[in-house]
Undergrad: 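Shown below is the structure under consideration.
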Amino acid sequence: MCPGYDRGVAPEARPDERLPDWIAGHRRVFALTGAGCSTASGIPDYRDDRGEWKRRPPVMIQAFRAEPATYQRYWARAYAGWPRFTAAAPGAAHRAFAAWEAAGTLARLVTQNVDGLHQRAGSRAVIDLHGRLDDVVCLGCGDRTSRDGLQATMADANPTWEARSAAAPDGDADIDAAAVAAFTAPRCARCGGLLKPDVVFFGENVPGPRYEAARDALAGADALLVAGSSLMVYSGFRFVRQAHEAGLPIAIVNRGRTRGDELAELKVEGDVGAILTHAVSSVAG
Ligand SMILES: [Zn+2]
């Protein structure tokens, strides 16, 4: 869970009226969301309040493709982390965005999260910028399968495998080296190729058409709101820069500093779910 969750003055005790006013003042908002929207659902974040890594950085695509040990470790951890990941339910932030979209003034939601929780909360106008963890793609033949199906395949291939684990970001889990070494990693049933969840790994680019769809949505927006992201990843930050260059008003809700703070006209610090729930009540409710 988010380590800063109970620290300091609870922002929900002193609701900030600037954000409700800001939301009520725009008709076609483009929202960008990140891990801070899902931490309350039990999915940990990679970074701390200062935007620094709080744990070992995630696997890079180059190592995933080239190093069998990295591939094996990735899938052992992903296998162990999957039950906890799929048990996560939408939280207050997800529900607030769904209510805002239903109210008609949230035009598009672009999320850096790969958990599908916005959709499960009822949001429809969503672009999963970094893909979805529940789809798997073969790097050899391009065959697509469901992550749930692959979980069952991995269980069959590892009937006695067990590991103590602790939750980590993106459906990952921390497990010991001996357990990793004993794990049989999956391969494509059609061609024997490497399998990868259909998410953008570190070191990879967002697919062009997906980026262009998000960029076009931003071009039609009258304001940008960022929620729960430190904006340390360029694929998200570039929308803030584009909005700034286009003269769009920018608001940021996050616990801790972000790379976009200097470009925002409004920055609200604290618990994203509580702040958005209150703010969205200005247009939905
Ligand atoms: Zn294949």
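Heavy atoms only: backbone and side chains are in, while hydrogens, waters and symmetry mates are out. Remember, it's 1-based here, ligands and their atoms both numbered in the order they're listed.
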Undergrad: With sequence neighbours left out, write down each residue that passes side chain to side chain contact (heavy atoms under 4.5 Å, CB included) with D148, or none if nothing qualifies.
TA: W82, S146
Undergrad: So, using salt bridge (Lys or Arg N to Asp or Glu O under 4.0 Å) as the criterion, who are the partners of R190 when residues are at least two apart?
TA: D143
Undergrad: Only protein N/O/S atoms count here: give how many lie under 2.8 Å from the Zn ion (ligand 1).
TA: 4
Undergrad: Can you list the residues that meet the side-chain hydrogen bond (donor to acceptor under 3.5 Å, both in side chains) rule with Q72, with sequence neighbours excluded?
TA: none
Undergrad: Quick check on side chain to side chain donor-acceptor pair (under 3.5 Å): which of R144, H130, R132 does D198 satisfy it with?
TA: R144
Undergrad: Would you call the rings of F239 and F30 parallel, tilted or perpendicular, taking 30° and 60° as the class edges?
TA: tilted
Undergrad: Does the plane of the ring in H118 sit parallel, tilted or perpendicular to the ring in H94? Use 30° and 60° as the thresholds.
TA: perpendicular
